[in-house]
Amino acid sequence: MTPFTERVIAIIQGIPEGAVMTYGQIAALAGNHRAARQVVRILHSSSRAYALPWHRVVNARGEIALREDAARNEQASYLEAEGVAVDGRGRIDLEKYLFTPDDSFG
DNA sequence: GCCATGGCTAGTA
DNA sequence: GCCATGGCTAGTA
């Protein structure tokens, strides 16, 4: 486990219920703003092992990024269960739901 | 070589 | 729509 990966995992574990973060935002916070795709890889391979709230991660446009319908529906229903509104095309309003860790430190 | 991205540009209306 | 990106991993030697 590299430091970058550890930071990504810690950041994802810190996303609160009812909020989302983007791949690029997580990568930037972990120290490399260009490593968004690595965040994808980590989610893909480590979500289960680390019990990550994978459903709270969306792309920069506020859309569910998963390809398969079944998986998209699963993510949408997890989000809605937490109070995050998802429209028919899998879009989330980032103005409302984006979690920016800086907020916590007022 | 993979990948659940992101940012920019061309092309349409 | 295109394609550069980058940390990681599988597969070979």
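All chains are named by letter (A, B, ...) in the order of the sequence lines, taking the proteins before the strands, and each is independently numbered beginning at 1.
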Trainee: With side-chain contact (heavy atoms from CB on, under 4.5 Å) as the test, would you mind laying out the steps for A:Val20 and A:Ile15 before giving the verdict?
Mentor: CA-CA 7 Å; A:Val20 299; A:Ile15 307 172; 5.7 Å; no
Trainee: Please collect all ring-ring contact (aromatic ring centres under 6.0 Å, His included) contacts where either partner lies in residues 53-86 of chain A, sequence neighbours excluded, each pair once.
Mentor: A:Trp54-A:Tyr78, A:His55-A:Tyr78
Trainee: Taking atom P in both B:dC3 and C:dG1, what distance in whole Å separates the two?
Mentor: 22 Å
Trainee: Tell me whether A:Tyr50 at atom OH has more than 12 heavy atoms from other residues, nucleotides or ligands lying less than 6.0 Å away.
Mentor: no
Trainee: Listed by chain and number, what are the side chain to side chain contact (heavy atoms under 4.5 Å, CB included) partners of A:Asp87, not counting sequence neighbours?
Mentor: A:Arg89, A:Arg91
Trainee: With side-chain hydrogen bond (donor to acceptor under 3.5 Å, both in side chains) as the rule and sequence neighbours excluded, what pairs involving residues 24-44 of chain A come up?
Mentor: none
Trainee: Would you classify A:Thr5 as touching base, sugar-phosphate or nothing, given that sugar-phosphate means primed atoms plus P, OP1 and OP2, and contacts are heavy atoms under 4.0 Å?
Mentor: sugar-phosphate
Trainee: Any chance you could list the contact pattern along nucleotides 3-8 of chain B? Use B for base contacts, S for sugar-phosphate-only contacts and - for none, protein heavy atoms under 4.0 Å, 5' to 3'.
Mentor: BBBS--
Trainee: With a 4.5 Å cut-off on side-chain heavy atoms, are A:Ile42 and A:Ile9 touching?
Mentor: yes
Trainee: For residues 5-21 of chain A, which residue pairs pass the side-chain hydrogen bond (donor to acceptor under 3.5 Å, both in side chains) check, not counting sequence neighbours?
Mentor: A:Thr2-A:Thr5
Trainee: In this structure, which stretches of DNA chain C are paired as stems of three or more consecutive Watson-Crick or G-U pairs, both distances less than 3.5 Å?
Mentor: B:1-3 with C:6-8, B:5-8 with C:1-4
Trainee: Does any non-hydrogen side-chain atom of A:Val57 lie less than 4.5 Å from one of A:Leu43?
Mentor: yes
